[in-house]
Amino acid sequence: MLGYMTARQARAAGFTHHGKYFGVPIWIGDLDSFSPVVAAKWAPMEAVMTLFHHIEATLHALRYPDHPPVFQFWIGQLIDIEDKA
């Protein structure tokens, strides 16, 4: 599929886990840092993720004005480069 990042490509780019962001399938890595790296598995979904980031940041700021921004990532299993995805 055009624009899809395979598991092998994700591992080569430094991603370590499968994940989701409000249902959008993502690759996620560098989990031990303050700001992990995240990318949509299918490139056109990056626009949807950007929209969700803005919505979440706005709602979080309205609900919890004294708290730092956070994002609701679901972290799945490790990427196995033998995966077909």
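One is the number of the first residue; the rest follow in order along the sequence.
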- Could you give the distance from CG (Leu31) to NE2 (His17), rounded to the nearest 0.5 Å?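 Output value for this atom pair is 5.5 Å.
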* Atom NE2 in His54, atom CG in Leu59: separation rounded to 0.5 Å? ->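 His54 atom NE2 to Leu59 atom CG measures 13.0 Å (nearest 0.5 Å).
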Can you tell if the side chain of [X] reaches within under 4.5 Å of the side chain of [Y], non-hydrogen atoms only?
X     : Y     : value
Ile75 : His18 : no
Ile26 : Met49 : yes
Val37 : Ile28 : no
Phe15 : Gln9  : no

* Asked: Between the side chain of Trp27 and the main-chain N/O of Met5, is any donor-acceptor distance below 3.5 Å?
  ->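 Yes: the side chain of Trp27 pairs with the backbone of Met5.
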Which residues share a side chain to side chain contact (heavy atoms under 4.5 Å, CB included) with Leu51, sequence neighbours left out: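 Leu51 satisfies side chain to side chain contact (heavy atoms under 4.5 Å, CB included) with Ile55 only.
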- request: Could you pull out all residues at least two apart from Trp42 that satisfy side chain to side chain contact (heavy atoms under 4.5 Å, CB included)?
  value: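 Partners of Trp42 by the side chain to side chain contact (heavy atoms under 4.5 Å, CB included) criterion, ordered by chain and then number, come out as Met1, Tyr4, Pro44, Met45.
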(request) Could you pull out the closest heavy-atom pair between Gly29 and Thr16, with the gap in Å? (result)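 Closest approach of Gly29 to Thr16: CA-OG1, 3.6 Å.
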Exercise for the section: Report the residues that fulfil side chain to side chain donor-acceptor pair (under 3.5 Å) with Glu46, sequence neighbours left out, ordered by chain and then residue number. Expected result: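 Result, side chain to side chain donor-acceptor pair (under 3.5 Å) vs Glu46: none returned.
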Next item on the list: Under the side chain to side chain donor-acceptor pair (under 3.5 Å) rule, collect the residues that match up with Ser33, sequence neighbours excluded.
Entry: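 So Ser33 forms a side chain to side chain donor-acceptor pair (under 3.5 Å) with Asp30.
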Which atom pairs, one a donor and one an acceptor, fall under 3.5 Å between side chains of residues 64-73 and the rest of the protein, sequence neighbours left out?
none

What class does the angle between the rings of His53 and Tyr21 fall in, given that below 30° is parallel, 30 to 60° is tilted and above 60° is perpendicular?
->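 The arrangement is parallel - the two ring planes meet at less than 30°.
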